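For clarity, every value in this text was computed on a predicted model and none was experimentally measured.
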Amino acid sequence: MSGTAQRVTTLAGQAFDAAPGQSLLDAALQAGVVFEHSCRSGRCGSCKARVVAGRTALAGSETGLAAAEREAGCILTCVRTVAGEPVRLDVEASDLRLPPARLLPCKIDALEDVAPGVRRVRLRLPPQQPLAWLAGQYVDLLGPGGIRRSYSIANAPAAGAGIELHVRQVAGGAFSAYWFGPARPGDLLRLQGPLGSCVLREPLDRSLVLLATGTGIAPVKAMLEDLAARPAAARPPAIHLAWGGRSPADLYWDPGLLPLDLHYTPVVSRPDVAWQGRRGWVQHAALESGVPWAQAVVHACGSARMVDDARSVLVGAGLDPRRFHADAFLPSS
């Protein structure tokens with residue numbers, strides 16, 4: 001039995017088959033069942049599920065799980081496989097249709113420094129191989145020497161559009177050394193994507209709260225551009241954005257340029273004496289915004305610490321945990 005596919009079902013009624021050695025997440029996505037997910041490496045915790053029946057096998061590190069969650073029978077579906085018997089899961093799943101991931105060549109079209117240690121990268125795709133993505137998704141870039149890193153797409157999909165990335169300089173980072181060193185327009189790279197499930201969910205009938213720290217604004221910018229391209233009647237009843245950085249220079253993009261009725265709060269955690277705006281953390285700024293949390297949807301993108309704290313604080317304030325979607329940026333070398 002250990003060498004045959006096994007049936008996986010969810011408490012919500014979805015069902016799919018998982019082959020031996022195939023992650024539960026990959027098997028679900030292959031069958032059109034979308035589990036919340038982001039890093040796909042067992043670190044962010046987005047794809048958490050609780051095993052109700054059956055056994056699973058660990059295929060990687062589950063650092064994104066707390067000890068109490070393990071004791072409660074939780075797993076991370078991106079690093080778990082079936083273990084020779086059917087499995088039943090208590091997991092947040094949807095029939096959201098995600099574009100299939102593809103491996104494509106791309107070229108650097110432009111490089112621009114937009115803030116201290118932040119570079120905007122524009123990639124050009126082959127005209128005969130357009131990429132379909134949803135605002136909020138990311139791609140994996142494959143660079144010199146086989147380096148592979150994940151970057152959020154910072155622009156909304158549009159016909160003939162290339163891809164915009166916001167790259168932060170990381171001390172000692174292998175790909176960072178390329179971006180802020182020898183990278184030049186015309187360089188050939190490869191990308192795999194789109195990836196991730198931190199995308200807008202229909203219908204957009206609840207207040208939308210977007211939280212970002214640092215370059216976490218990239219997927220949020222894509223979502224806002226997507227909303228700006230829609231008729232006003234097809235947008236959420238209210239849109240709130242809190243974007244945070246250590247200094248005002250870290251807030252390198254102006255959301256006010258978009259034709260949206262947007263409630264924007266810039267937040268600085270280490271301000272100088274000239275800063276007159278909000279100080280502290282984006283999740284606390286959101287908490288004091290007057291949003292009716294029981295009727296809200298939240299997308300949090302940026303540091304894992306912010307994502308974890310925002311989830312705890314906002315669910316405690318009345319947010320339905322199923323309405324909290326996240327893309328946690330995890331450190332890489």
Side-chain angles (χ1 to χ4, degrees), residues 10-16 25 28-29 31-38 46-49 90-100 132-138 152-159 161 194-212 216-243 255 258-265 282-283 286-287 289-301 307 310-311 313-315 317-328:
T10 74
L11 294 185
Q14 296 102 337
F16 56 91
L25 173 61
L29 294 175
V33 178
V34 177
F35 293 172
E36 295 286 343
H37 64 282
S38 182
S46 296
C47 64
K48 181 170 56 183
D90 180 5
V91 61
E92 180 68 19
S94 75
D95 57 359
L96 176 72
R97 293 186 178 274
L98 297 176
W133 74 89
L134 300 179
Q137 291 193 287
Y138 68 92
S152 294
I153 303 174
N155 57 310
L195 303 167
S197 66
C198 187
V199 302
L200 298 171
R201 311 300 172 93
E202 306 291 345
L204 297 173
D205 57 355
R206 294 169 176 257
S207 294
L208 176 64
V209 179
L210 302 169
L211 306 178
I217 196 62
V220 169
K221 174 178 174 289
M223 292 182 212
L224 290 171
E225 289 179 351
D226 178 273
L227 292 171
R230 303 183 184 206
R235 299 170 187 164
I239 307 172
H240 297 259
L241 166 63
W243 179 23
L258 294 175
L260 283 173
D261 184 9
L262 176 66
H263 305 277
Y264 170 46
T265 305
V282 294
Q283 60 271 32
L287 190 62
S289 64
V291 170
W293 295 108
Q295 289 82 43
V297 175
V298 174
H299 288 258
C301 305
V307 168
R311 180 185 289 109
V313 167
L314 300 181
V315 168
L319 177 71
D320 184 337
R322 296 170 299 177
R323 307 289 182 182
F324 185 92
H325 309 290
D327 186 3

(message) Restricting to side-chain hydrogen bond (donor to acceptor under 3.5 Å, both in side chains), what partner residues turn up for Gln283, sequence neighbours left out?
(response) Asp309
(message) Less than 4.5 Å apart, side chain to side chain, heavy atoms only: is that true for Cys198 and His299?
(response) yes
(message) Has Glu225 got a side-chain atom pairing as donor or acceptor with Ala156's backbone, closer than 3.5 angstrom?
(response) yes
(request) Work out which heavy atom in Gln137 is nearest to a heavy atom in Gly196; give both atom names and the distance. (result) NE2-O, 3.0 Å
(request) Supply the atom-to-atom distance His240 NE2 to Leu211 CG, rounded to the nearest 0.5 angstrom. (result) 11.0 Å
(request) Could you tell me which non-hydrogen atom of Ala242 sits nearest to which non-hydrogen atom of Val282, and how far apart they are? (result) O-CG1, 3.7 Å
(request) Would you confirm whether Gln295, through its side chain, and Arg206, through its main-chain N or O, come within 3.5 Å as a donor-acceptor pair? (result) no
(message) Nearest 0.5 Å, please: how far is CD in Glu36 from OG in Ser46?
(response) 7.0 Å
(request) Can you measure from CG (Asp226) to CG (Asn155) and round to the nearest 0.5 angstrom? (result) 11.0 Å
(message) Between Arg235 (side chain only) and Ala228 (backbone N and O only), is there a donor and an acceptor less than 3.5 Å apart?
(response) yes
(request) Could you please spell out the steps behind the side chain to side chain contact (heavy atoms under 4.5 Å, CB included) verdict for Leu29 and Val34? (result) CA-CA 5 Å; Leu29 294 175; Val34 177; 4.3 Å; yes
(request) Not counting sequence neighbours, which residues clear side-chain hydrogen bond (donor to acceptor under 3.5 Å, both in side chains) with Ser38? List them please. (result) Asp327
(message) In the structure I gave you, are the side-chain heavy atoms of Leu262 and Leu227 within less than 4.5 Å of one another anywhere?
(response) no
(message) For the OG1 atom of Thr265 and the CG atom of Leu241, what is their distance to the nearest 0.5 Å?
(response) 7.5 Å
(request) Indicate the atoms forming the closest heavy-atom contact of Trp133 with Pro157, along with that distance. (result) O-CG, 3.2 Å
(message) List the residues meeting side-chain hydrogen bond (donor to acceptor under 3.5 Å, both in side chains) with Arg322, not counting sequence neighbours, and say none if there are none.
(response) Asp320
(request) Taking the side chain as every heavy atom from C-beta outward, state whether Leu210 and Trp243 have any atom pair closer than 4.5 Å. (result) no
(request) Mind checking the SG-CE spacing from Cys301 to Met223? Nearest 0.5 Å is all I need. (result) 4.5 Å
(request) Could you tell me whether the side chain of Arg201 and the main chain of Val199 form a donor-acceptor pair under 3.5 Å? (result) yes
(request) Could you walk me through whether Leu224 and Ile239 pass the side chain to side chain contact (heavy atoms under 4.5 Å, CB included) test, one step at a time? (result) CA-CA 9 Å; Leu224 290 171; Ile239 307 172; 4.0 Å; yes
(message) I'd like to check Val291 versus Val298 (side-chain heavy atoms, cut-off strictly below 4.5 Å). Are they in contact?
(response) no
(message) If you compare all heavy atoms of Ala135 against all heavy atoms of Ala222, which two are closest, and at what distance to 0.1 Å?
(response) CB-O, 3.4 Å
(request) Kindly give the heavy-atom pair with the smallest separation between Ala296 and Leu319, and that separation in Å. (result) O-CD1, 3.3 Å
(message) With heavy-atom distances below 4.5 Å as the criterion, would you say the side chains of Leu98 and Pro194 are in contact?
(response) no
(request) Test Leu204 against Val297 for side chain to side chain contact (heavy atoms under 4.5 Å, CB included), laying out the working first. (result) CA-CA 9 Å; Leu204 297 173; Val297 175; over 6 Å; no
(request) Please name the pair of heavy atoms, one in Arg311 and one in Ala326, separated by the smallest distance, quoted to 0.1 Å. (result) NH2-CB, 4.2 Å
(message) Measuring only between side-chain heavy atoms, which start at C-beta, is Phe324 closer than 4.5 Å to Val307?
(response) yes
(request) Could you walk me through whether Leu314 and Leu287 pass the side chain to side chain contact (heavy atoms under 4.5 Å, CB included) test, one step at a time? (result) CA-CA 7 Å; Leu314 300 181; Leu287 190 62; 4.0 Å; yes
